[in-house]
Amino acid sequence: ADKARRFATMIAPLVTGRVMVAQGANELAKIGLTIAVRYALQRRQFDDGTGREQLIMDYPTHMKRLLPAVAGVYAYGLALNKLKSLFAKPDQTPEENKMVHVLASGIKAMATWHKTAALQTARECC
């Protein structure tokens, strides 16, 4: 138990850092996607035959590119909230500490990859 407690003490700052990096990445993706979606809901182009230009967000290809990224932001937000509640839980067992560390490491990697892909997609769409 003493080794496990030392391990938990040693990795706690790493977990905090990983959670904060993942949270920051998700927030940046939210900001970029908010700008892209708002732009797509105002920008019009190409006459649709009625004499009126169509919103670019109405194009299926545009929706197909932006909306999965928006859904990803929601999913990572929920996952991060769950992870933070696990991390904040008092009196964790050594197994729970290790699980929180593993989850934080994985979510950090996935959230930062998602941020990069989402912002690239938003830039290309708008």
Side-chain angles (χ1 to χ4, degrees):
D2 197 28
K3 275 179 138 179
R5 190 171 304 283
R6 274 188 302 198
F7 178 74
T9 303
M10 184 179 72
I11 65 168
L14 298 175
V15 172
T16 303
R18 287 182 174 123
V19 170
M20 296 312 295
V21 167
Q23 184 73 42
N26 203 46
E27 293 300 320
L28 289 172
K30 275 185 203 177
I31 292 167
L33 288 167
T34 298
I35 293 167
V37 169
R38 283 182 180 168
Y39 178 79
L41 290 170
Q42 292 191 359
R43 171 79 164 93
R44 295 180 178 275
Q45 71 181 34
F46 305 123
D47 186 348
D48 62 0
T50 64
R52 190 158 185 220
E53 293 182 331
Q54 192 172 3
L55 288 172
I56 61 174
M57 189 59 139
D58 289 341
Y59 289 102
T61 52
H62 207 80
M63 279 190 272
K64 189 175 179 181
R65 292 187 72 195
L66 281 179
L67 294 184
V70 172
V73 165
Y74 277 97
Y76 285 113
L78 292 171
L80 283 161
N81 287 342
K82 178 66 175 175
L83 177 60
K84 287 186 272 187
S85 71
L86 290 173
F87 183 58
K89 182 181 158 202
D91 301 325
Q92 290 183 350
T93 66
E95 292 78 27
E96 289 173 328
N97 281 331
K98 287 180 185 177
M99 180 55 69
V100 168
H101 177 71
V102 168
L103 290 172
S105 299
I107 289 175
K108 178 198 146 221
M110 296 303 295
T112 54
W113 288 335
H114 179 261
K115 177 220 37 156
T116 301
L119 291 178
Q120 181 65 24
T121 297
R123 186 188 67 79
E124 290 171 1
C125 285
C126 298

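Put simply, NZ on K30 and CD1 on I35 are 14.0 Å apart, with the number rounded to the nearest 0.5 Å. Distance check, rounded to the nearest 0.5 Å: CG of L119 to CG of L33 gives 6.5 Å. Between the CG atom of L67 and the OG1 atom of T121 there is a distance of 11.5 Å, given to the nearest 0.5 Å.
F87 places none of its side-chain heavy atoms less than 4.5 Å from the side chain of L103. Using a 4.5 Å cut-off on side-chain heavy atoms (C-beta onward), H101 and R18 make contact. Here the side chains of L41 and R38 are not in contact, with every heavy-atom distance at 4.5 Å or above.
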Using atom types as modelled, flag every donor-acceptor pair under 3.5 Å from a side chain in residues 53-66 to any protein atom, sequence neighbours excluded.
unit_1, atom_1, unit_2, atom_2, d
Y59, OH, Q45, O, 3.3
R65, NH2, E124, OE1, 2.4

Review item, side-chain donor-acceptor pairs of residues 108-115, under 3.5 Å, at least two apart:
unit_1, atom_1, unit_2, atom_2, d
T112, OG1, K108, O, 2.9
T112, OG1, A109, O, 3.0
H114, NE2, A69, O, 3.3

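Heavy-atom minimum distance, R123 versus Q120: NH2-NE2, 2.6 Å. Residues L80 and A22 come closest through the heavy atom pair CD2-CB, 3.6 Å. The two atoms that bring A29 and V73 nearest to each other are CB-CG2, 3.8 Å, heavy atoms only.
More than 12 heavy atoms of other residues, nucleotides or ligands sit less than 6.0 Å from atom NZ of K84.
Placement of M20 and L14 in two distinct hydrophobic clusters is found when ILVMFWY residues are connected by side-chain heavy-atom separations under 4.5 Å, directly or transitively. Under the 4.5 Å side-chain heavy-atom criterion for Ile, Leu, Val, Met, Phe, Trp and Tyr, V19 and V100 are members of the same hydrophobic cluster.
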Worked verdict on R52 versus R44 for side chain to side chain contact (heavy atoms under 4.5 Å, CB included): CA-CA 9 Å; R52 190 158 185 220; R44 295 180 178 275; 2.8 Å; yes
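Partners of V102 by side-chain contact (heavy atoms from CB on, under 4.5 Å), not counting sequence neighbours: none found.
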